[in-house]
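Whatever order the structure lists ligands and atoms in, that order sets their numbers, starting from 1. Quick caveat: nothing in here was measured; it's all calculated off a predicted structure. By convention here, the first residue in the shown sequence is residue 1.
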Amino acid sequence: MRVSTILGARPQFIKAAVVSKKIREKNKEIIIHTGQHYDDNMSKIFFDELEIPKPDYNLNIGSGYHGFQTGNMLIKIEDILLKEKPDIVLVYGDTNSTIAGALAASKLLIPIAHIEAGLRSFNKNMPEEQNRILTDHISDYLFAPTETSEINLKKEGISRNVFKIGDVMYDGILHFSKLASVKSMIISRLNIRDKYILATIHRAENTNDISKLKNIVQALNESGKRIILPLHPRTQKYISQYNLKISSNVSIIHPIGYLDMLMLEKNAEKILTDSGGVQKEAFFLGKPCITLREETEWIETVNNGWNILVGSNAKKIIQSINEFLPQKERKNYFGNGDAADKIVNILNKGLFINK
Ligand code: UD1
Ligand code: UDP
């Protein structure tokens with residue numbers, strides 16, 4: 001089978017690190033990197049340290065408004081699919097690279113497999129929510145990580161070829177944890193000796209709104225805690241543009257590789273984030289997670305008491321940094337760490353596809 005994997009953003013590289021290896025055991029994989037993320041520390045570092053096969057194509061699309069970015073991806077992906085004639089196109093998550101890949105394949109009647117299907121925030125203002133709904137509705141294999149995601153699909157009338165297989169990010173953390181402990185020097189490099197909070201911020205709804213970003217920065221500054229903040233370039237740009245001042249308790253560092261990130265997560269007292277992936281990783285590692293959003297797709301983590309939604313309210317953020325402590329045992333919502341195996345087994349069986 002010829003599988004064309006389409007990716008372009010940081011979390012997709014991390015997910016592909018476990019899935020691509022499995023695909024290649026029996027199949028030919030053609031990786032198309034859209035170039036949505038292009039800085040070395042947003043892209044190359046993951047391919048190098050996680051030994052992800054080198055992309056066969058890099059479209060170098062780069063940044064831009066949604067239509068420009070998605071449209072250019074669509075044109076170039078279509079060209080490649082026409083040439084490569086894959087049996088299946090594989091897309092991950094909810095980015096502009098996801099919808100561009102799925103749409104290009106759909107119009108060419110190439111079956112689509114969507115990994116991380118069925119996630120919903122129920123906030124259609126988010127570009128990610130638009131991308132995931134649209135992708136799910138044109139996909140042929142829907143790999144749902146959790147029971148909630150499976151139910152969400154059912155409610156939208158999608159039940160055929162839905163497979164609840166667990167979360168590939170859980171596979172990833174199990175697979176790379178040991179390597180992270182051996183290889184990562186981040187704790188000594190940052191001279192970390194005491195407790196700290198690990199923070200990440202990149203969601204458009206937080207960065208593009210000056211009052212929200214101001215509130216979040218104010219909360220970090222006034223938290224009284226050491227905060228380590230590997231900063232996404234989007235957020236760096238807006239912090240400079242809005243001229244926001246960062247206090248000395250907040251250590252801003254460049255985006256880091258996955259192995260360093262895992263070490264910072266493992267050693268953190270708590271995690272503060274608006275990232276989807278980081279919310280899950282906090283849960284996998286048993287770290288209290290404070291989420292800088294009003295809603296989350298990973299609702300199980302909130303219902304289980306390990307994640308609290310605080311939006312961009314400075315008072316709530318500071319209070320949670322100081323007081324939020326999960327009380328319940330963590331349940332297993334995300335599978336057994338064999339999601340990638342299951343996905344590839346299902347694809348290899350070549351279940352019926354009726355376009
Ligand atoms: C994208 C996804 C988001 C995902 C995130 C993962 C969409 C709509 N959003 O958001 O769902 O959570 O990736 O990190 O697809 N930039 C650089 N260098 C880079 C990449 C980006 O400087 O290598 C800057 C550019 O100024 C760019 C901005 O970051 O305009 C935003 O990048 P973009 O890929 O559009 O969105 P993300 O916020 O990364
Ligand atoms: N991550 C990383 N380096 C960083 C920040 C995040 O390796 O500096 C990893 C993180 O551990 C997780 C993934 O990137 O595996 C999450 O990606 P991101 O937050 O960019 O996107 P989202 O998951 O919100 O779509």
Side-chain angles (χ1 to χ4, degrees), residues 7-18 33-46 49-50 60-70 73 91-101 116 119 121 125-132 134-135 167-173 175-177 180 184 186 198-208 228-241 252-266 268 271-285 287 291-293 296-298:
L7 31 72
R10 173 167 69 187
Q12 295 166 335
F13 311 141
I14 293 165
K15 291 163 200 170
V18 285
H33 184 332
T34 62
Q36 176 169 354
H37 287 173
Y38 45 86
D39 291 345
D40 280 358
N41 56 20
M42 294 293 288
S43 174
K44 184 176 183 298
I45 191 170
F46 300 99
E49 71 174 14
L50 307 182
N60 291 312
I61 301 294
S63 307
Y65 286 121
H66 292 280
F68 169 89
Q69 191 180 51
T70 314
M73 288 175 189
V91 295
Y92 292 90
D94 54 19
T95 71
N96 287 346
S97 300
T98 314
I99 183 63
E116 271 195 2
L119 276 304
S121 65
N125 290 334
M126 291 177 73
E128 292 86 356
E129 184 78 350
Q130 300 171 13
N131 291 340
R132 39 174 108 93
L134 295 171
T135 302
D167 196 305
V168 293
M169 290 193 84
Y170 186 48
D171 296 21
I173 216 165
H175 188 85
F176 289 111
S177 264
S184 169
I186 190 99
L198 175 67
T200 77
I201 312 160
H202 77 278
R203 201 59 60 196
E205 71 208 52
N206 283 328
T207 59
N208 299 16
I228 298 185
L229 177 60
L231 203 54
H232 189 291
R234 174 200 279 282
T235 320
Q236 181 66 66
K237 189 174 80 181
Y238 283 102
I239 285 181
S240 306
Q241 194 174 308
I252 292 192
I253 58 174
H254 290 298
I256 49 181
Y258 182 61
L259 302 180
D260 281 345
M261 187 65 184
L262 284 185
M263 284 314 282
L264 283 185
E265 289 175 340
K266 273 188 189 179
I271 293 179
L272 189 78
T273 192
D274 58 10
S275 155
V278 176
Q279 285 176 68
K280 280 186 288 179
E281 286 165 353
F283 187 81
F284 301 152
L285 294 168
K287 299 292 168 178
T291 295
L292 304 165
R293 291 181 49 196
T296 178
E297 304 77 43
W298 306 105

Hey, is the main chain of A100 close enough, under 3.5 Å, to the side chain of T70 for a donor-acceptor pair?
no
Which of these, G277, A9, S63, has its nearest heavy atom closest to atom 30 (O) of ligand 1?
S63
Using a strict 4.0 Å cut-off to heavy atoms of H232, name the atoms of ligand 1 that fall inside it.
14 (O), 29 (O), 37 (P), 38 (O), 39 (O)
Look at the side chain of E129 and the backbone N and O of S121, then say whether any donor-acceptor pair between them is shorter than 3.5 Å.
yes
Counting N and O atoms only, with roles assigned by atom type, does the side chain of T291 sit under 3.5 Å from a partner on the main chain of R293, one being a donor and the other an acceptor?
no
Donor-acceptor under 3.5 Å (K15 side chain, Y92 main chain)
no
Can any side-chain N or O of N206 pair as donor or acceptor with the backbone N or O of L292 at less than 3.5 Å?
yes
Please check if the side chain of S97 supplies one atom and the backbone of T34 the other of a donor-acceptor pair under 3.5 Å.
no
Short side-chain donor-acceptor distance under 3.5 Å, T273 and T200
yes
Is it the case that the side chain of T98 and the backbone of T95 share a donor-acceptor pair, with hydrogens and angles ignored and the cut-off at 3.5 Å?
yes
May I ask which of H37, Q36, Q69 has a heavy atom nearer to atom 7 (C) of ligand 1 than the others do?
Q36
Taking E49 for the side chain and I45 for the main chain, is one N or O donor matched with an acceptor at less than 3.5 Å?
no
In terms of side-chain geometry, is the basic nitrogen of E116 or R132 positioned less than 4.0 Å from the acidic oxygen of its partner?
no
Would R234 count as being in polar contact with ligand 1, using the rule that some N or O on each side must be under 3.5 angstrom apart?
yes
For a side-chain hydrogen bond (donor to acceptor under 3.5 Å, both in side chains) with S43, tell me which candidate from R10, H37, Q36, H33 qualifies.
H33
The atoms of ligand 1 lying under 4.0 Å from a heavy atom of D94, numbered in the order shown, are 11 (O)
Please state whether H66 comes within less than 4.0 angstrom of ligand 1, counting heavy atoms only.
yes
D167 side chain vs M169 backbone, donor-acceptor pair below 3.5 Å:
yes
Counting each atom of ligand 1 from 1 as listed, which ones have a heavy atom of E128 under 4.0 Å away?
3 (C), 9 (N), 11 (O)
Please confirm whether the backbone N or O of H202 pairs with a side-chain atom of D274, one donor and one acceptor, at under 3.5 Å?
yes
The answer, listing residues by chain and number that come under 4.0 Å of ligand 2 through any heavy atom, is R10, P11, I14, F46, M169, H202, R203, P230, P255, I256, G257, Y258, M261, E265, S275, G276, G277, V278, E281
Students should be able to answer this: which protein heavy-atom is nearest to atom 17 (C) of ligand 1, and at what distance?
Y38 OH, 3.2 Å
Among D274, D39, N96, T235, closest by any non-hydrogen atom to atom 15 (O) of ligand 1:
N96
Got the closest protein heavy atom to atom 22 (O) of ligand 1, with its distance?
P233 CB, 3.2 Å
Record the part of P11 in heavy-atom contact with ligand 1 below 4.0 Å; permitted values are side chain, backbone, both and neither.
side chain
Give the residue and atom name of whichever protein heavy atom lies nearest to atom 26 (O) of ligand 1, and the separation in Å to one decimal.
K237 NZ, 3.3 Å
Side chain, backbone, both or neither: which part of M42 has a heavy atom under 4.0 Å from ligand 1?
side chain
Among all protein heavy atoms in this structure, tell me which lies nearest to atom 5 (C) of ligand 1, with the distance rounded to 0.1 Å.
H202 NE2, 3.6 Å
